[in-house]
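What follows is a short report on a single structure.
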Amino acid sequence: MPEILYYILWFSEEYFVSKRQVGTQGNLNTTIVGNTKIPLVPLSNQENLLNLINKLEKSISDSQESFNKSKELENSILNKVF
């Protein structure tokens, strides 16, 4: 699943930062990236992990939306009071 690769690479950012060539701008080359071992996760585990991540992202999104609505309500009330 390509989606799981995205998350593996995203969570590996610190590793890649430590492997980059130092200069005015840190760079990765094809040798560094090509020599990187990516774990082969069984498909059923990938699906379970992606389901969990999607639920978590949905929960975060819902919480953010609820927070934004609360802030709008707060601002509305404060505007009426003052």
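The first residue in the sequence is number 1, and the count goes up from there. What's counted below: heavy atoms across the whole structure, side chains too, no hydrogens, waters or symmetry copies. As the structure is a prediction and not an experimental result, all values here were calculated from the model.
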### Message
Once rounded to the nearest 0.5 Å, what's the spacing between atom CG of Leu49 and atom OG of Ser44?
### Response
11.0 Å
### Message
Suppose the criterion is salt bridge (Lys or Arg N to Asp or Glu O under 4.0 Å): which pairs have a residue in residues 69-81, not counting sequence neighbours?
### Response
Glu65-Lys69, Lys71-Glu74
### Query
Got a sec, which residues hit side chain to side chain contact (heavy atoms under 4.5 Å, CB included) with Asn51, two or more places apart in sequence or on another chain?
none
### Message
Tell me whether Leu5 shares a hydrophobic cluster with Leu40, the cluster being built from Ile, Leu, Val, Met, Phe, Trp, Tyr side chains joined at under 4.5 Å.
### Response
no
### Message
Among residues at least two apart in sequence or on other chains, which ones pass side chain to side chain donor-acceptor pair (under 3.5 Å) with Lys37?
### Response
none
### Sequence-distant partners of Asn68, side chain to side chain donor-acceptor pair (under 3.5 Å), two or more places apart
Gln64
### Query
According to a 4.5 Å side-chain heavy-atom criterion applied to Ile, Leu, Val, Met, Phe, Trp and Tyr, with indirect links allowed, do Leu50 and Phe11 form part of one hydrophobic cluster?
yes
#### Entry: Sequence neighbours excluded, every pair satisfying salt bridge (Lys or Arg N to Asp or Glu O under 4.0 Å) that has a member inside residues 49-58
Lys58-Asp62
#### Entry: Phe16 side chain near Thr36 side chain, heavy-atom distance below 4.5 Å
yes
## Note on the structure
Going by chain and number, the hydrophobic cluster around Val41 (ILVMFWY, side chain to side chain under 4.5 Å) further includes none
#### Entry: Pairs touching residues 8-29 that satisfy salt bridge (Lys or Arg N to Asp or Glu O under 4.0 Å), sequence neighbours left out
none
### Message
My understanding is that only residues two or more places apart in sequence, or in another chain, count here; which of them pass side chain to side chain contact (heavy atoms under 4.5 Å, CB included) with Ile8?
### Response
Ile4, Ser12, Ile38, Pro39
### Query
Should the ring pair Trp10 and Tyr7 be called parallel, tilted or perpendicular, given that the plane angle runs from 0 to 90° and is split at 30 and 60?
perpendicular
### Message
Going by the rule side chain to side chain donor-acceptor pair (under 3.5 Å), which residues pair with Asn35 if we only count those two or more places apart in sequence or in a different chain?
### Response
none
#### Entry: Connected-component partners of Leu56 among ILVMFWY, side-chain separation under 4.5 Å
Ile60
#### Entry: Heavy-atom neighbours of Phe67 CZ exceed 12 at 6.0 Å
no
## Note on the structure
Excluding Leu78, membership of its hydrophobic cluster (Ile, Leu, Val, Met, Phe, Trp, Tyr; side-chain heavy atoms within less than 4.5 Å) reads Leu73, Ile77, Val81, Phe82
